[in-house]
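Remember, it's 1-based here, ligands and their atoms both numbered in the order they're listed. Model, not experiment: these values are computed from the prediction.
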Amino acid sequence: MVLNLTYVNGKKYRVVYRLILVERFIIKGGRTLSGRVSISGAKNSALKLMAASLLSGSETTIRNVPMIEDVYTMVEVLKTMGVKVSIDTTGKTLKIHPGSIKSQEAPYEMVRKMRASVLVTGPLLARFGRARVAIPGGCNIGSRGIDLHLKGFEVLGAKYGIEHGYINCSTENKMGHGRLKGADINLDFPSRGATENLMMAAALAHGRTTITNAAREPEIADLAGFLNRMGACISGAGTDTITIEGVETLHGAEYEVMPDSIEAGTFIAAASICGNGVIIENAVRHNLEVFYLKLKEIGVNIDAANENTIRVDRPEADYRPINVSTLPYPGFPTDLQPVITVLLTLVQGVSIVTENVFENRFMYVDELNRMGANIKIEGHHAVVKGVRKLSGAPVRAFDLRAGAAVVLAGLAAEGTTEVSDIYHIQRGYENFDLKLKGLGADISMTG
Ligand code: UD1
């Protein structure tokens, strides 16, 4: 049992007893998965919509929110600032009332837990003219800077300084806290977080902002859809050029989070590894196009019954090795790199997996090798030599997606796999074990 101290409103300490650090998944491999699984709302959209709700002073209702640890962390971030949040876990709905906000600070305790906390910077800066946010620091999948976010805020007229591990951003001038000013921003790299932070900041800026070389993920379009529902004027989100006509104020809105493509991809990968007759509902094929095509290239018996349902059946022929390289959307998603590597581990021949988005995203490979995989890392490439079988072992979940990968390996392995540090998985997958169990997996949680 773990004691977790949380700093709230600058005064009180809240004591939270958590079991998450000692919980493990115990998986008995070898079962064939079948049946239906329904995909939850997208983590990487819900967190941004929660941050965006800070842009107005009135209530916002967000539906289809996945009830996962990262969402609870963002709720804590908002509550720490004095924002009222009510959670309906059954109805998967959040009501956020930022009218009561008292501080514009995201403390280290929370940013350290979840890097996406930095996404409150843009909305706070735009609405209040200031934001104090802890610097996220290192993370298990690479150093992940926020320089592009900061450079963009500067172009919009903000100043920032770093002090005691915090970034202080401000629009202050001789006249007090001024408004951000629309400008042309070209991103050196199509960073998703920078695109989102800057789009939110520009929504309340004076004049027009154009972001070029913007990230194009469907979640960016989802965020723009929400902002427009709040009264913003944004076009082009989902393409590499986004235009934002700043408005003076935004109001509360109701919105439904899009389905999670990475969760869908994870279940598709699980079904490809050890399934027959698995139907994945709320999986928007269009958002998974490159992943879908790569699975076809491997020989996975995958079929899009309609735009939102994907079915995976046992293949008629042996799978084939392939090469795959991650790239920003619409390229192959880095978040699905670990799970496709597990699949390729069991494909005869040599496959090459190249990671172009994050450094250190192959840390789970040693865990797979302990289960009998044959993978060698050369720079940012993984050379995967297919093996006939994996065998169960105690393994660690190094991060969210790496955690999902070792669970999938456990489902395919002979014998028992014990996965520790599963709090990483619980950060981003809603009821992962229960959903797999629903498909017939032998997986249980011990604490
Ligand atoms: C988001 C997703 C994450 C996904 C990633 C890439 C969320 C909460 N997380 O993360 O699941 O894996 O997109 O699709 O939505 N970079 C910089 N400077 C910056 C910003 C980024 O150097 O200012 C670098 C990062 O170190 C990284 C790359 O750009 O190597 C991608 O980062 P980014 O697209 O910003 O990813 P996140 O928004 O952090």
Got an N/O contact under 3.5 Å between P190 and ligand 1?
no
Decide whether T341 and Y364 meet the rule of one side-chain donor and one side-chain acceptor closer than 3.5 Å.
yes
Evaluate L148 for polar contact with ligand 1, using N/O atom pairs at a separation under 3.5 Å.
yes
Hey, does K48 sit under 4.0 Å from ligand 1 if you only count heavy atoms?
yes
Any non-hydrogen side-chain atom of V342 less than 4.5 Å from a side-chain atom of L368?
yes
Apply side-chain hydrogen bond (donor to acceptor under 3.5 Å, both in side chains) to the pair S40 and K435, showing each step before the final yes or no.
CA-CA 11 Å; S40 302; K435 287 188 182 184; 2.8 Å; yes
For the 3.5 Å polar cut-off, considering only N or O atoms, please tell me whether E196 and ligand 1 meet it.
no
At under 4.0 Å between heavy atoms, is it the side chain or the backbone of H149 that contacts ligand 1, or both, or neither?
both
Pull out every atom of ligand 1 sitting under 4.0 Å from any heavy atom of G193, numbered as shown with elements.
35 (O), 38 (O)
For K159, does its backbone N or O pair with a side-chain atom of S170 as donor and acceptor, under 3.5 Å?
no
Please check if any side-chain donor atom of T354 sits under 3.5 Å from a side-chain acceptor atom of H381, or the reverse.
yes
Contact between M81 and V120 at the side-chain level, heavy atoms closer than 4.5 Å - yes or no?
yes
Note: E359, heavy atoms under 4.0 Å from ligand 1, region reported as neither
Under a 4.0 Å heavy-atom limit, does K151 contact ligand 1 with its side chain, its backbone, both, or neither?
neither
Any N/O pair K43/ligand 1 closer than 3.5 Å:
no
Can a non-hydrogen atom of R401 be found less than 4.0 Å from any atom of ligand 1?
no
Number the atoms of ligand 1 from 1 as they appear, then name those within less than 4.0 Å of a heavy atom of F189, with their elements.
28 (C), 29 (O), 31 (C)
Taking 4.0 Å as the limit for heavy-atom contacts, which would you say applies to D147 with ligand 1: side chain only, backbone only, both, or neither?
both
Are any of the heavy atoms in Q337 under 4.0 Å away from ligand 1?
no
Check step by step if salt bridge (charged side-chain N to carboxylate O under 4.0 Å, His left out) holds for E196 and K48.
CA-CA 8 Å; E196 292 160 339; K48 322 304 167 63; 2.8 Å; yes
With heavy atoms of R115 as the reference, note each atom of ligand 1 found under 4.0 Å away.
39 (O)
Any side-chain donor-acceptor pair under 3.5 Å between R427 and Y72?
no
If you measure every N/O of V357 against every N/O of ligand 1, is any gap under 3.5 Å?
yes
Is there a nitrogen or oxygen of T334 sitting under 3.5 Å from a nitrogen or oxygen of ligand 1?
no
Do any nitrogen or oxygen atoms of G145 lie less than 3.5 angstrom from nitrogen or oxygen atoms of ligand 1?
yes
Proximal ligand 1 atoms for R361, defined as those under 4.0 Å from one of its heavy atoms:
12 (O)
Quickly, which of N186, V155, L198 forms a side chain to side chain contact (heavy atoms under 4.5 Å, CB included) with I211? Name it, please.
L198
Under 3.5 Å side-chain donor-acceptor pair for Y255 and D222
yes
What verdict does the salt bridge (charged side-chain N to carboxylate O under 4.0 Å, His left out) test give for E254 and R63, after you've listed the backbone C-alpha separation in whole Å, the side-chain angles of each residue and the deciding distance to 0.1 Å?
CA-CA 8 Å; E254 278 199 41; R63 304 190 192 283; 2.6 Å; yes
